[in-house]
Amino acid sequence: MDLPTFRYHPDPLASGSIERSDATCACCNQRRGYIYTGPTYCEDEIDDALCPWCIADGSAAKKFDASFTDPAGFPDEIAKEIVDEIVYRTPGFNAWQSEKWLTCCGDAAAFLGPAGQAEIRARYPQIEGALMAHIVYELGISGAEATRMLKTLDRDHGPTAYVFACRHCDNKPAYVDYL
């Protein structure tokens with residue numbers, strides 16, 4: 001069975017937000033072979049208990065009054081329909097602190113996944129400069145410490161870069177998060 005298509009999270013298996021699993025979905029009560037492992041914001045405890053199909057069609061958000069990304073993090077110029085699609089019908093992602101969904105060209109960007117130095121060098125070498133600027137100007141870390149942070153980015157252990165792709169241009173917005 002093919003996974004649903006998510007415009008703003010095109011490969012949730014590669015990003016780690018969806019995993020193969022024999023678990024039963026808490027929404028549809030079916031075992032579909034995959035389960036969502038990202039954040040779910042709701043009153044019920046439903047960690048690792050929703051299938052991607054119930055996220056995609058909005059039934060999980062409706063049944064549990066749940067969201068998968070914080071809507072407050074989007075700039076005002078992003079259309080409400082886009083924010084709603086990401087917040088209620090797109091798998092979110094786990095970050096060390098609070099995830100941020102980046103934007104570009106007046107639209108939300110597509111989340112590609114967490115990345116460490118190895119992934120950045122192999123797949124996204126063009127973003128190293130932007131990540132260094134983020135470390136210096138957004139995180140307030142400079143000099144040798146900023147260089148050390150960039151060199152020690154790690155997909156699984158932090159600090160971690162979170163990489164997006166603009167849906168309209170070649171930009172790959174990214175940010176760094178750590179404990």
Side-chain angles (χ1 to χ4, degrees), residues 1-115 134 138-139 155-168 172-179:
M1 181 181 294
D2 290 334
L3 287 173
T5 300
F6 299 100
R7 289 191 313 163
Y8 294 98
H9 198 151
D11 195 350
L13 280 171
S15 74
S17 292
I18 292 177
E19 295 179 356
R20 292 187 183 279
S21 173
D22 291 330
T24 300
C25 176
C27 186
C28 67
N29 296 313
Q30 294 184 45
R31 289 184 186 187
R32 296 190 174 199
Y34 296 94
I35 209 75
Y36 171 62
T37 60
T40 302
Y41 304 104
C42 65
E43 296 215 10
D44 295 304
E45 284 292 323
I46 52 173
D47 294 336
D48 300 350
L50 297 172
C51 74
W53 292 268
C54 288
I55 292 172
D57 70 12
S59 58
K62 185 175 181 178
K63 180 174 183 172
F64 296 104
D65 192 24
S67 62
F68 306 104
T69 300
D70 183 1
F74 290 90
D76 291 341
E77 68 265 11
I78 303 301
K80 181 183 180 333
E81 299 80 30
I82 292 169
V83 173
D84 286 351
E85 178 178 344
I86 294 168
V87 169
Y88 303 115
R89 297 184 310 280
T90 300
F93 62 93
N94 290 309
W96 292 109
Q97 295 188 38
S98 181
E99 82 282 348
K100 294 188 280 186
W101 207 284
L102 300 183
T103 63
C104 188
C105 294
D107 191 3
F111 180 64
L112 299 179
H134 174 80
E138 298 296 321
L139 301 180
R155 176 186 168 105
D156 300 314
H157 298 98
T160 303
Y162 297 91
V163 183
F164 293 76
C166 179
R167 298 181 63 240
H168 308 280
K172 297 271 187 299
Y175 74 97
V176 174
D177 193 13
Y178 64 102
L179 289 175

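Side chains included, hydrogens not; waters and symmetry mates left out as well; all remaining heavy atoms used.
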Output the distance between atom [atom1] ([X]) and atom [atom2] ([Y]), rounded to the nearest 0.5 Å.
| X | Y | atom1 | atom2 | value |
| --- | --- | --- | --- | --- |
| Cys54 | Lys62 | SG | NZ | 13.0 Å |
| Cys166 | Asp107 | SG | CG | 7.0 Å |
| Tyr34 | Ile55 | OH | CD1 | 14.5 Å |
| Ser67 | Ile86 | OG | CD1 | 12.5 Å |
| Asp65 | Lys63 | CG | NZ | 13.5 Å |
| Thr69 | Glu85 | OG1 | CD | 11.5 Å |

Minimum side-chain heavy-atom gap [X]-[Y] below 4.5 Å:
| X | Y | value |
| --- | --- | --- |
| Pro39 | Asn94 | yes |
| Glu99 | Tyr175 | yes |
| Tyr162 | Leu102 | no |
| Leu50 | Phe68 | yes |
| Pro52 | Phe6 | yes |
| Gln30 | Cys51 | no |
| Ile46 | Phe64 | yes |

Counting heavy atoms not belonging to [X], are there more than 12 under 6.0 Å from its [atom1]?
| X | atom1 | result |
| --- | --- | --- |
| Glu45 | CD | no |
| His168 | NE2 | yes |
| Glu77 | CD | yes |
| Asp156 | CG | yes |
| Asn29 | CG | yes |

Return yes if some donor-acceptor pair links the side-chain N/O of [X] with the main-chain N/O of [Y] below 3.5 Å, else return no.
| X | Y | value |
| --- | --- | --- |
| Thr90 | Arg7 | no |
| Thr103 | Ala109 | no |
| Thr37 | Asp48 | no |
| Arg89 | Gly58 | no |
| His134 | Val176 | yes |
| His9 | Pro91 | yes |

Taking all non-hydrogen atoms of both residues into account, name the closest pair between [X] and [Y] and its distance.
| X | Y | answer |
| --- | --- | --- |
| Ala66 | Ala60 | CB-O, 4.1 Å |
| Ala108 | Phe74 | CB-CE2, 4.3 Å |
| Ile35 | Ala23 | CD1-CB, 4.1 Å |

Answer yes or no on whether Arg167 is positioned over the face of Tyr8, meaning its NZ or CZ is under 6.0 Å from the six-membered ring centre and within 45° of the axis.
-> yes
Run the side-chain contact (heavy atoms from CB on, under 4.5 Å) check on Trp101 and Ile78 step by step: do they pass?
-> CA-CA 11 Å; Trp101 207 284; Ile78 303 301; over 6 Å; no
Pair Leu139-Tyr178, side-chain contact (heavy atoms from CB on, under 4.5 Å): steps then yes or no | CA-CA 10 Å; Leu139 301 180; Tyr178 64 102; 3.8 Å; yes
Could you list all the ring pair (Phe, Tyr, Trp, His ring centres under 6.0 Å) pairs where at least one residue sits in residues 37-59, not counting sequence neighbours?
-> none
